Amino acid sequence: MIHGKNRIGYELVGAESAAHNTVSSGGVTFYPAHSDALELAVKKASKAFNIYKNIDNQQKAAFLEAIADEILALGDELIKAAVEESSLPEGRITGERGRTVGQLKLFATLVKEGSWVDAVIDPAMPDRTPLPRADLRKMSVPVGPVAVFTASNFPLAFSTAGGDTASALAAGNPVIVKAHEAHLKTNELVGEAINKAAEKTGMPDGVFSYLIADSYELGTALVKHPAIKSVAFTGSQKGGMALYKAANERAEPIPVFAEMGSINPVVILPEKLANEKESLAKTLAASVTLGVGQFCTNPGLILAVEDDNLNEFCTKLGAEIEQIVPGTMLYSNVAKGYTAGREHALAQQGITVEGVSKEAASSELSGTPTVISVSGADFIANPELHHEVFGPFSLVVKCKDKAELNSVLASTKGQLTATIMCTESDLPEFKDTVEKAGSIAGRLIFNGVPTGVEVCHAMQHGGAFPASTDARFTSVGTDAIKRFVRPLCLQDCPQEFLPAELKDENPLGIWRKVNGGLTKDQI
């Protein structure tokens, strides 16, 4: 039974007074949090941090594993709620649940093993001349309560128990989630699963909370609260930059790790284009329209040097797009944004429509697949064509030569991904193009599509601004944990006060850098 209240640690907060505002979703009443609920959540999180940061790694891992188990225990109820609220198909949601559970278990494994803290030890050298060296030991420690803002396009994997929450909890930080307004039922089901897991594994009250909002003010107030020490966000550039600005206006500025979308250029090199026009058209049409184009890694830009092969490719790509039926988008705001962005792109000077779905949109929530093209010179001259159109849309840029191709790449600024479609024979001549693509992207892909982000140790899901606010970090994969820690160096600390990770005997058996070399040995 959905209760519609805010989860504040082990307490539910709903209507404090008759004047309390409510919002409705799917016929269920939800109670947006007031400032008093926010204060309670932050107070509990701050108190919980003092306990949770020192909890044994095995217990933290057990908590993460218990969250995964409780999510699975929700069964069909969760799947149905997420399908209803997102308009995504059941198969997609089922797969996303698997990814969510997998992320939690991956971080549990990381925490149990323990080497992720990057322990570094330079033992004392009292006899060194001309000056002795102090005993210096460094490791990563949690920062404090983390605010997580959930995504519209992944109601599970980038949401309440998604990668941001999982990595922040794994690092030893309490989490306060700002529930997405389009996923209030799904948020509640998952949030209650996290709460059950916290109770079962003996976590402190306040290690997890979620807040419902009916305006942007609550999110801004959460970011500005002095007890919040870090922020994770997945969404639009407008939303991410608003939070980034708020965080930097604080007396104590804090990091905002915002993943804000991308147009993910795909560069097709000449020999590849000449040999595989038809297969490339099919592959890219499928990637552009996958999930109604609602992926932050959607290939929104296709680049190549113009010749007869490129013109033939565009004809084939347009024909593929024409056969794809408009799909239902996530919710009304996303659909409206796509329609406005598509119409704005179509209104630009110099564009040619290469293909539009032959099927009429069935509702205002439909996203019509569309591919247009423009010359390299017109693209460079018109910044309005550089913006992400979030949906089943892509722009082909026809470049007059390699120099213009490189200039187009440079003009796109920071991206989550860049893709090179090539043969081995293409690469020597276009080495500088490949280097340029790598300089703007967090992930450089060869002969594949960007849609699809593997959750693993090597993944980098982040890029130079404006794709994200800090290109050094990822929001997917185990390195996501590094966003929510800081280095702490202990100088001449007595052994009994050292954390286990830094003790001479290495009781956890983790990898450490001692005197510049990696080892698991005792000192």
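The first residue in the sequence is number 1, and the count goes up from there. Since the structure is predicted, the reported quantities are computational estimates derived from the model, not experimental observations.
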Check: Ala151 main-chain N/O paired with Thr234 side-chain donor or acceptor under 3.5 Å: no
How long is the span from the CD1 atom in Ile8 to the CG atom in Leu40, to the nearest 0.5 Å? 5.5 Å
Show, in sequence, the C-alpha distance, side-chain angles and deciding distance for Thr160 and Arg7, and conclude whether the side-chain contact (heavy atoms from CB on, under 4.5 Å) test is met. CA-CA 12 Å; Thr160 309; Arg7 164 61 60 188; over 6 Å; no
So, the side chain of Gln415 versus the backbone of Ile263: is there a donor-acceptor pair under 3.5 Å, distance only? yes
Quick one: list whatever passes salt bridge (Lys or Arg N to Asp or Glu O under 4.0 Å) with Lys44, sequence neighbours left out. Glu11, Asp205
Short side-chain donor-acceptor distance under 3.5 Å, Thr417 and Asn264: yes
Between NZ on residue Lys358 and OG1 on residue Thr368, distance to nearest 0.5 Å: 15.0 Å
Is it true that a side-chain atom of Asn173 and a backbone atom of Ala168 form a donor plus acceptor pair closer than 3.5 Å? yes
Is there a side-chain contact between Arg99 and Val476 (heavy atoms, below 4.5 Å)? yes
Using a distance-only test with no angle check, is there a side-chain donor-acceptor pair under 3.5 angstrom linking Ser167 and Arg483? yes
Mark yes or no for whether Thr339, through its side chain, and Lys336, through its backbone, hold a donor-acceptor pair below 3.5 Å. no
Determine whether Ile321 and Thr370 make a side-chain contact, defined as any pair of heavy atoms from C-beta on separated by less than 4.5 Å. no
Are the side chains of Val207 and Lys60 in touch, meaning some heavy atoms are under 4.5 Å apart? no
Selection residues 325-373 - residue pairs positive for ring-ring contact (aromatic ring centres under 6.0 Å, His included), sequence neighbours left out: His180-Tyr331
Please round to the nearest 0.5 Å and tell me the distance separating atom CG of Leu280 and atom CD1 of Ile268. 5.0 Å
Flag if over 12 foreign heavy atoms under 6.0 Å of CD, Glu249: yes
Sub-3.5 Å donor-acceptor pair from the side chain of Thr165 to the main-chain atoms of Ala161, do we have one? no
Heavy-atom closest contact (Ser357 atom, Pro326 atom, distance): OG-CD, 3.2 Å
Leu184 backbone acceptor or donor facing Glu85 side chain under 3.5 Å: yes
Side-chain donor or acceptor of Tyr31 paired with backbone N/O of Ile212 under 3.5 Å: no
Which heavy atom of His461 sits nearest to which heavy atom of Cys296, and what is that distance? NE2-SG, 3.5 Å
Looking at Gly9, is its backbone amide N or carbonyl O close enough to the side chain of Ser209 to form a donor-acceptor pair, meaning the two atoms are under 3.5 Å apart? yes
Would one find more than 12 heavy atoms of other residues, nucleotides or ligands at under 6.0 Å from atom CZ of Arg250? yes
Looking only at heavy atoms, the pair that brings Glu388 and Phe295 closest together is OE2-O, 4.5 Å
Start with the C-alpha distance between Val177 and Phe208, add both sets of side-chain angles, then the distance that settles side-chain contact (heavy atoms from CB on, under 4.5 Å), and finish with yes or no. CA-CA 8 Å; Val177 166; Phe208 173 79; 3.7 Å; yes
Closest non-hydrogen contact found for Leu78 with Leu189 is CA-CD1, 4.0 Å
Are more than 12 heavy atoms, taken from residues, nucleotides or ligands other than Glu199, located less than 6.0 Å from that residue's CD atom? yes
Is there a side-chain contact between Leu64 and Lys105 (heavy atoms, below 4.5 Å)? no
Atom CD of Gln294 and atom CZ of Arg92: how far apart are they, to the nearest 0.5 Å? 8.0 Å
Sequence neighbours excluded, the answer for salt bridge (Lys or Arg N to Asp or Glu O under 4.0 Å) partners of Glu259 is none
Take Ser411 and Phe379 through the side-chain contact (heavy atoms from CB on, under 4.5 Å) test and state the conclusion after the steps. CA-CA 9 Å; Ser411 73; Phe379 179 85; 3.5 Å; yes
Taking it one step at a time, do Phe149 and Val223 satisfy side-chain contact (heavy atoms from CB on, under 4.5 Å)? CA-CA 10 Å; Phe149 290 76; Val223 170; 3.7 Å; yes
Nearest 0.5 angstrom please: His457 NE2 to Leu106 CG, how far? 5.5 Å
Phe107 side chain reached by Ile67 side chain, heavy atoms, under 4.5 Å: no
With a sphere of 6.0 Å drawn around CZ of Phe313, does it hold more than 12 non-hydrogen atoms of other residues, nucleotides or ligands? yes
Report yes if some heavy atom in the side chain of Asp378 is under 4.5 Å from a heavy atom in the side chain of Gln349; otherwise report no. no
Distance in Å, Arg97 CZ paired with Thr186 OG1, rounded so as to fall on 0.5 Å steps: 12.5 Å
Can you confirm whether Leu104 sits close enough to Ile71 that some side-chain heavy atom of one is under 4.5 Å from a side-chain heavy atom of the other? yes
Please report the shortest heavy-atom distance between Pro32 and Asn6, naming the atom on each side. C-ND2, 3.9 Å
Taking all non-hydrogen atoms of both residues, which atom of Glu96 and which atom of Leu156 are closest, and how far apart? OE2-N, 2.6 Å
Got a list of side-chain donor-acceptor pairs under 3.5 Å for residues 445-454, not counting sequence neighbours?
unit_1: Asn447; atom_1: OD1; unit_2: Cys422; atom_2: N; d: 2.8
unit_1: Asn447; atom_1: ND2; unit_2: Cys422; atom_2: O; d: 3.0
unit_1: Thr451; atom_1: OG1; unit_2: Ser287; atom_2: OG; d: 2.7

Quick one, Ser394 and Leu284 - any side-chain contact, counting heavy atoms below 4.5 Å? no
Phe465 ring centre to Lys413 NZ or CZ under 6.0 Å, with the angle to the axis within 45°? no
Partners passing side-chain contact (heavy atoms from CB on, under 4.5 Å) against Thr328 (at least two apart in sequence or in another chain): Ser87, Leu365
Below 3.5 Å, can you tabulate the donor-acceptor pairs from side chains in residues 225-233 to any protein atom, sequence neighbours excluded?
unit_1: His225; atom_1: ND1; unit_2: Ala227; atom_2: N; d: 3.1
unit_1: His225; atom_1: NE2; unit_2: Glu39; atom_2: OE1; d: 3.2
unit_1: His225; atom_1: NE2; unit_2: Glu39; atom_2: OE2; d: 3.3
unit_1: Lys229; atom_1: NZ; unit_2: Pro226; atom_2: O; d: 3.3
unit_1: Lys229; atom_1: NZ; unit_2: Glu252; atom_2: OE1; d: 2.9

Looking at Glu181 and Ala213, would you say the former's side chain and the latter's main chain have a donor-acceptor pair under 3.5 Å? no
